[in-house]
Protein chains: 2
Amino acid sequence: MTAPPNLDAFDRAILSILQKDNTTPQRAIGERVNLSAPAVQRRIRRMEEHGVIRANVALVDPAKIGHPITIFVEVEVESERAELIDAAKRGFAEVPEVQQCYYVTGEADFILFVTVATMADYEALTRRLFFANNNVKRFRTFVAMDRVKVGLEVPVG
Amino acid sequence: MTAPPNLDAFDRAILSILQKDNTTPQRAIGERVNLSAPAVQRRIRRMEEHGVIRANVALVDPAKIGHPITIFVEVEVESERAELIDAAKRGFAEVPEVQQCYYVTGEADFILFVTVATMADYEALTRRLFFANNNVKRFRTFVAMDRVKVGLEVPVG
DNA sequence: ATCCGGATGAAACAAACTTGCAATCAGCTG
DNA sequence: CAGCTGATTGCAAGTTTGTTTCATCCGGAT
């Protein structure tokens with residue numbers, strides 16, 4: 001996580017592959033980008049050290065492990081005092097059902113992504129997260145009917 | 001992707017590990033869940049075949065590769081006729097800057113997640129995606145100030 | 001022209017994954 | 001209750017992949 005990323009065309013080509021499948025052998029990557037396996041390996045390690053690559057993870061299908069419901073919540077707070085906002089961030093982030101949490105500008109303050117097994121679970125979660133929190137003014141719920149595109153891939157072109 | 005997932009405690013423990021770091025050696029996984037490396041490997045392969053594990057990917061920090069802006073958009077359409085909705089789904093999904101797209105119930109119809117390098121890029125994207133599309137009634141933009149929690153991890157407990 | 005830092009590829013090495021096989025166990029069936 | 005069947009396991013051998021070493025090369029600065 002030192003300082004200078006400074007990625008060249010090789011790095012970008014490697015990232016493009018790893019974002020789709022990080023089990024691709026370094027040799028195979030090397031062939032596709034015209035580099036030797038050790039060169040590929042060193043570039044990957046460098047990008048991991050610099051934080052360009054945040055993590056290497058398996059993506060699992062929520063429905064297949066008993067979390068068929070994806071919900072999307074806009075939260076509006078009463079006060080935007082720094083310490084209250086920070087407390088809210090920490091509170092949301094530590095909940096496993098909350099996959100994603102963003103602090104945003106606009107008509108809402110927070111945007112959350114939640115996966116749950118049942119609507120009853122969601123209802124319980126709202127009670128814990130929103131109704132029990134004095135600083136939450138209101139929230140709006142959107143239930144996902146279709147996960148059209150789900151990923152965290154960033155274009156590198 | 002055949003039929004029956006039917007995951008036991010071993011599978012869930014393995015998923016929990018792989019969702020955080022899928023470079024963990026099978027031997028190390030085996031030690032943590034009390035299973036041999038081959039057993040771990042067979043379970044992983046089975047979950048991949050059944051689609052429980054959708055993909056293995058590297059997560060990249062958007063800011064480090066020139067996409068510092070994360071934007072979040074609610075889209076409302078004019079008509080919900082099936083073919084128009086399908087066309088919209090395909091149209092959104094094929095755009096690389098659109099990381100995530102959900103079709104939702106509630107006050108909006110689609111929710112999009114977009115990463116861009118500059119606001120000018122976003123402006124150009126809105127013109128292409130929304131203003132040039134007759135079926136888009138209106139859209140609301142939220143700009144992320146803080147990516148409090150970003151991931152696709154699903155709780156397995 | 002020389003030096004120096006950084007990156008590279010080939011080869012040797014180490015570690016991880018993968019396969020074959022015999023043993024074990026649970027649930028049936030006769 | 002014995003025996004069969006299918007599924008899962010661990011061990012060990014074999015194979016692939018990742019990692020390190022080292023000599024070389026290139027570009028910029030002295």
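Below, chain A is the first sequence line, B the second, and so on; all start at residue 1. Because only heavy atoms are used, hydrogens play no part in the values below, and waters and symmetry mates are left out as well, while side chains stay in. The structure presented is a predicted model; accordingly, all values stated were derived computationally and were not measured.
Taking the ring-ring contact (aromatic ring centres under 6.0 Å, His included) definition, one finds that Phe72(A) meets it with Phe113(A), Phe142(A), Phe72(B), sequence neighbours left out. Applying the side-chain contact (heavy atoms from CB on, under 4.5 Å) rule to Met119(B) yields the partners Ile69(B), Ile71(B), Tyr122(B), Val143(B); only residues at least two apart in sequence or on another chain are considered. Here Phe130(B) pairs with Phe139(B) under the ring-ring contact (aromatic ring centres under 6.0 Å, His included) rule; sequence neighbours left out. Taking the side-chain hydrogen bond (donor to acceptor under 3.5 Å, both in side chains) definition, one finds that Asp61(B) meets it with nothing, sequence neighbours left out. Remark: Glu76(A) engages Lys137(A), Arg138(A) in a salt bridge (charged side-chain N to carboxylate O under 4.0 Å, His left out) (not counting sequence neighbours). By the salt bridge (charged side-chain N to carboxylate O under 4.0 Å, His left out) test, Arg54(B) pairs with no residue at all, sequence neighbours left out. Judged as a side-chain hydrogen bond (donor to acceptor under 3.5 Å, both in side chains), and not counting sequence neighbours, Thr24(A) has no contacts.
Read 5' to 3', the first and last nucleotides of DNA chain D with an atom closer than 4.0 Å to a heavy atom of chain A are dT17(D) to dT21(D).
In this structure, the side chains of Asp11(A) and Val156(A) stay at 4.5 Å or more apart for every pair of heavy atoms.
Heavy-atom neighbours of Arg32(B) CZ from other residues, nucleotides or ligands within 6.0 Å: at or below the threshold of 12.
Remark: the backbone N or O of Val116(A) is not paired with any side-chain donor or acceptor of Asp121(A) at under 3.5 angstrom. In this structure, the side chain of Asn22(A) does not engage the main chain of Asn56(A) through any donor-acceptor pair within 3.5 Å.
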Which pairs, protein N/O on one side and nucleotides 23-27 of chain C N/O on the other, fall under 3.5 Å?
none

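Between the CZ atom of Arg43(A) and the P atom of dA7(C) there is a distance of 8 Å, rounded to whole Å. Nucleotide dG6(C) holds its P atom 16 Å from the CG atom of Asp11(A), rounded to whole Å.
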Under 3.5 Å, side-chain donor or acceptor atoms of residues 83-94 of chain B against the rest of the protein: list the pairs with distances, not counting sequence neighbours.
unit_1	atom_1	unit_2	atom_2	d
Glu83(B)	OE1	Arg81(B)	NH2	3.4
Glu83(B)	OE2	Arg81(B)	NH2	2.6
Lys89(B)	NZ	Asp146(A)	OD2	2.7

Annotated protein contacts, base or backbone, on nucleotides 11-22 of chain C with a non-hydrogen cut-off under 4.0 Å, one of B, S, - each: B----SSBBB--
Candidate pair Glu78(A) and Asn134(A), rule side-chain contact (heavy atoms from CB on, under 4.5 Å), full reasoning: CA-CA 8 Å; Glu78(A) 291 281 1; Asn134(A) 286 331; over 6 Å; no
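When the local axes at the two ends of the helix from dA1(C)-dT30(D) to dG30(C)-dC1(D) are compared, using 5 base pairs at each end, they differ in direction by 10° after rounding to 10°.
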